[in-house]
Each structure stands twice: as structure tokens, then as C-alpha cells.
Number of protein chains: 2
Amino acid sequence: MGISERRERERDQTRAKIMNAARDMFAREGYDAVSMRKIAEAVEYSPTAIYVHFKDKEALFGEMCREDFARLSDAFRELARIEDPVERIRRLGQSYVRFATQYPNHYRLMFMTPHSHLPKDEMQCSKGNPDEDGYAFLRAAVMEAIAQDRFRSEFSDVELATQTLWAMAHGIASLQITKGDESWFNWRPIEERAKVGLEAILRGILADVKLIVPPRKMRKAGVR
Amino acid sequence: MGISERRERERDQTRAKIMNAARDMFAREGYDAVSMRKIAEAVEYSPTAIYVHFKDKEALFGEMCREDFARLSDAFRELARIEDPVERIRRLGQSYVRFATQYPNHYRLMFMTPHSHLPKDEMQCSKGNPDEDGYAFLRAAVMEAIAQDRFRSEFSDVELATQTLWAMAHGIASLQITKGDESWFNWRPIEERAKVGLEAILRGILADVKLIVPPRKMRKAGVR
């Protein structure tokens, strides 16, 4: 490994270390309560050293946020191959809830914390094309499902259908993060809640719940 | 009005003023970042004066939390009269989302903030009987619906059904609070999202979506 390569790796490791510490602190104390000075203290750097890597707190948050959304997209990418859009939506929901339970601090900052106080550039860290952005990815699958007449007529509005499906997955994920350890709720296992909840919302949206196979295929096969 | 009556009213007003300031600060800065001293500053009291009303931050949070859950219960109470449990569940969901949009700071502290770091007494501020506790209220309606064979068989588990319905309402409410002002999502109006989303999850849970009238009544009326 050359010197410049090693330097770059060290630089990446330092940035990752700073971002990990910052993520924990943001999730625990809230965005406003955390300063660059406090983050520097947590990783035992001087305040000056941390500014070498991030010009200010907003820039640090923005980069962390972009990294976290990229990680979610990685989880989604393999699902792009699933041909049936309804099956893709189902698996997307499961993968989304799994991400939230594996990375609760990431999830809290991505989806449970307002970004509207951030500068516009940083706020839009989650906006992108289907390759990078979970919402766009789900929306694309919903669009396909609508085009195949798989959804009930009130869900012919692609935004409304996308937002309804997202709300279900988000509700399951975020209750788990906020309330999952309050034992008097007598929680059913999160895997069961995710499976049954996502199944129920799909059942509520689908025009014909018996149509597991897309209608086009069925027509081809002479089923209809 | 007698002197003691007036004193009590003034005392209540002072407590309410402190709790309102504290609620805004908790919601904005996070529980940990807010101190009794900061709250006193915000209402322009001396730190000593605030301790006359609340023995510490945990006690203040606990009382605020109990008040907020009582307010939610007030919104639910009139729904207790609705005889049909499925209709009651539907209206409960709408009322819940309306509460969240009307009182976003209350909602954030009640349902979007972990309470597990609080002393046990304060943490359990939301636990109670159906008269006081939203979860218990929903659960009681779900139990009735199950007893009337209104739900599909996988929802014969009262906790799982309650948790699924709650997740849907919470997902709609909390996405609105966190992401509702991020305009690129092209949000449909919250009222529409609530109506359509709650309808869809009920449709996914109900054994027979055409059974608006409870089966018992239908039997009595000789429909079956």
C-alpha cells in the first residue's frame, strides 16, 4: 500500500470515527444540544482537528446522513431484481424494518428527527433517484403495481399509495425504537409484527388479494 | 372567589406555564439537554421558585406526561359510546392522528421519545386502565371485535392486532410531524392519508370487509 493510499484510508477511518460518535450523540441528546466541541471531546481530538474533516456541524450531519441513506439503499439494491412489484414492496418493507432495528441510531436521525432546520443542501441528503433514495425506490415499485392494476382504485394515486405503505413500515419500526423496551405493552416479536403488519396493509391495498401472480403473467398463461 | 381558591388557581396557572415551557424545550432540545435552571430562565423564575412546584426534572416530566395522556384520553372518551367496535377503532385512529397534528410537541414527547431512561414511576405515566390509557382503550375495542369474529384468524391475538393498528396510526402521525414540511415528498393532505391509511389497515385485518354491521346484530335481524 502506498503512502497516499494509507493516508486516505486513515483519513476515512478518522471521518468514520467522528461520524459514529456524532451519530450517537445526536440520537441521544438531540441535534441542537450537540456542538462540534463536544464531538471533538468525545473522540479525544482538539476542536481544530475536527474542523479539518468537517467545515461545520451542518456539513458533518449532511455527510453522515448521506452515508446512512446510502447504507439503506445497499439493503434495498438486491431487491431491485424481484420482478413482481407487489413482492418487491413486501420485501422492501421487511428490509426497511430490519434496517431500523439493526441501526436504531441511524434510523432515528434519518426518519424520526426533523431535518427542516438544516441548510437546504444538507436537508436534501435523502432526496435522489431510485438507486439512492428509499422513497423513490418504493414509489417506483408502487407505480409498477398500479400499472398492472394490482391496487384498489383509491390507490391509483401513486403518492398516496407510497405514503400509506411507508407509514405502515415506519410505524412498526419507530414504535419498536421508541417503545420497544417498555415491557408492559406485551409486545409481540418485532419480526412477527413486521410480517403481519406489512401483509395486512398490502391486503388492504390490493385489488384482489388472491392475485399473487401479476395479472399479465396470468393472462399469458391463460388463467384469465 | 376566596383567597385559598385564588391561590390554588394561581398555583395551577404557574405550574401550567412551567410545563408548557418545558414541553417546548424538551421537544426542541431533547430531554437530556434541558435542565431545571434552563426551564426557570425560560419562564423568568428563579431556580428556587421552580423547585417549589416540581421537586426535580423527572417529576416535572412525569406530571407533564400524565397531563398529556389525560388530554388524549379526553379526546377518546366520547368515542366510548360508539357501540360497534370496528367503527370505534376507525374513529379512534382518526382522533389519534388529529391529536398528533394539533399537539405535535405533546405527541413527540409521548410517543416519539423513549421514556426508558426515566425513573420507573414517571415512565409509567402512560400506563393505566381504558379510561386513561390510549393503548388499553384501543385494546378493549380490539377484544370486542375479536369476540364478534370480525377479524381474520391471524388477528385473533389481541396484542398483535392492537399493535398493528397502533403502528399504522403512529406511522401516519409521526411521519407528518417529522417529515410533513419536507415538500419534495409531494405529501397528500394529512386528513386524506389518515382516512385512506386507517381504512386500508382495517380492510387488511377484517375477516369480511362487507360486514360493517356486527354479525351478532345481523343474526338477530335474521340476515344470516
Side-chain angles (χ1 to χ4, degrees), chain A residues 26-34 108 111-117 123-124 126-127 135 152 154-155 157-182 184-188 192-194 196-197 199-206 209, chain B residues 26-34 108 111-117 123-124 126-127 135 152 154-155 157-182 184-188 192-194 196-197 199-206 209:
Chain A
F26 286 139
R28 208 172 48 237
E29 302 175 30
Y31 181 78
D32 288 338
V34 178
R108 282 181 66 181
F111 297 114
M112 298 169 68
T113 309
H115 293 178
S116 45
H117 60 289
M123 194 171 94
Q124 300 206 343
S126 61
K127 196 196 177 185
Y135 185 84
R152 297 169 48 77
E154 66 266 40
F155 289 104
D157 175 348
V158 62
E159 304 298 346
L160 188 61
T162 306
Q163 289 161 16
T164 301
L165 286 159
W166 184 21
M168 186 71 220
H170 175 70
I172 297 165
S174 59
L175 277 185
Q176 171 63 16
I177 290 174
T178 312
K179 301 281 179 190
D181 56 1
E182 293 186 21
W184 72 69
F185 282 118
N186 204 350
W187 287 115
R188 292 296 172 257
E192 192 181 356
R193 272 182 282 143
V196 164
E199 210 56 50
I201 194 66
L202 271 175
R203 177 174 283 272
I205 288 178
L206 287 173
V209 290
Chain B
F26 286 139
R28 209 173 45 237
E29 301 174 31
Y31 181 78
D32 288 338
V34 177
R108 281 181 66 180
F111 298 113
M112 297 168 69
T113 309
H115 293 179
S116 46
H117 60 288
M123 194 172 95
Q124 299 204 345
S126 61
K127 195 194 177 184
Y135 185 85
R152 298 169 48 77
E154 67 264 40
F155 289 104
D157 175 348
V158 61
E159 305 298 345
L160 188 60
T162 305
Q163 289 162 15
T164 302
L165 286 159
W166 184 22
M168 186 71 220
H170 175 70
I172 297 165
S174 59
L175 278 185
Q176 172 63 16
I177 289 174
T178 312
K179 300 281 179 191
D181 56 0
E182 293 185 21
W184 72 71
F185 282 118
N186 204 350
W187 288 113
R188 291 297 172 253
E192 191 181 357
R193 271 181 283 145
V196 164
E199 210 57 51
I201 194 66
L202 270 175
R203 177 174 284 271
I205 288 179
L206 287 173
V209 290

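Proteins get letters first, then strands, A, B, ... in listed order; numbering begins at 1 in each.
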Novice: Is A/His170 close to B/Ser174 at the side-chain level, that is, under 4.5 Å between some pair of heavy atoms?
Specialist: yes
Novice: Is B/Arg28 in contact with chain A via its backbone, its side chain, both, or neither, using a 4.5 Å heavy-atom distance?
Specialist: both
Novice: Measure up the A/Phe185 and B/Tyr135 rings against each other and bin them: parallel (under 30°), tilted (30 to 60°), perpendicular (over 60°).
Specialist: perpendicular
Novice: If you count heavy-atom pairs under 4.5 Å with chain B, which of A/Glu154, A/Gln176, A/Arg193 comes out on top?
Specialist: A/Arg193
Novice: In sequence, state the C-alpha distance, the side-chain angles, and the governing distance for A/Lys179 and B/Phe111, and then conclude on side chain to side chain contact (heavy atoms under 4.5 Å, CB included).
Specialist: CA-CA 8 Å; A/Lys179 301 281 179 190; B/Phe111 298 113; 4.2 Å; yes
Novice: Listed by chain and number, what are the side chain to side chain contact (heavy atoms under 4.5 Å, CB included) partners of B/Glu192, not counting sequence neighbours?
Specialist: A/Leu160, B/Arg188, B/Pro189, B/Val196
Novice: Considering non-hydrogen atoms only, spot the tightest contact between A/Ala167 and B/Met168 and give its length.
Specialist: CB-CE, 4.0 Å
Novice: Looking at A/Ile172, A/Leu202, A/Asp157, A/Val34, which makes the most heavy-atom pairs under 4.5 Å with chain B?
Specialist: A/Asp157
Novice: So, does A/Glu182 use its side chain to make a donor-acceptor pair with the main chain of B/Pro114 at under 3.5 Å?
Specialist: no
Novice: Where is the tightest heavy-atom contact between B/Ala200 and A/Ile205, given as atom of each residue plus distance?
Specialist: CB-CG1, 4.3 Å
Novice: Looking only at non-hydrogen atoms, find the nearest pair between A/Gln163 and B/Asn186 and report the distance.
Specialist: NE2-O, 3.0 Å
Novice: Taking atom CD1 of A/Ile201 and atom OG1 of B/Thr164, what is their separation to the nearest 0.5 Å?
Specialist: 10.5 Å
Novice: Give the C-alpha distance, both sets of side-chain angles, the deciding distance and a yes or no for side chain to side chain contact (heavy atoms under 4.5 Å, CB included) between B/Arg203 and A/Arg152.
Specialist: CA-CA 11 Å; B/Arg203 177 174 284 271; A/Arg152 297 169 48 77; 2.9 Å; yes
Novice: Please rank B/Arg108, B/Glu159, B/Glu199, B/Met112 by heavy-atom pairs under 4.5 Å with chain A and give me the top one.
Specialist: B/Glu159
Novice: Can you name the ring pair (Phe, Tyr, Trp, His ring centres under 6.0 Å) partners of A/Phe155, sequence neighbours left out?
Specialist: none
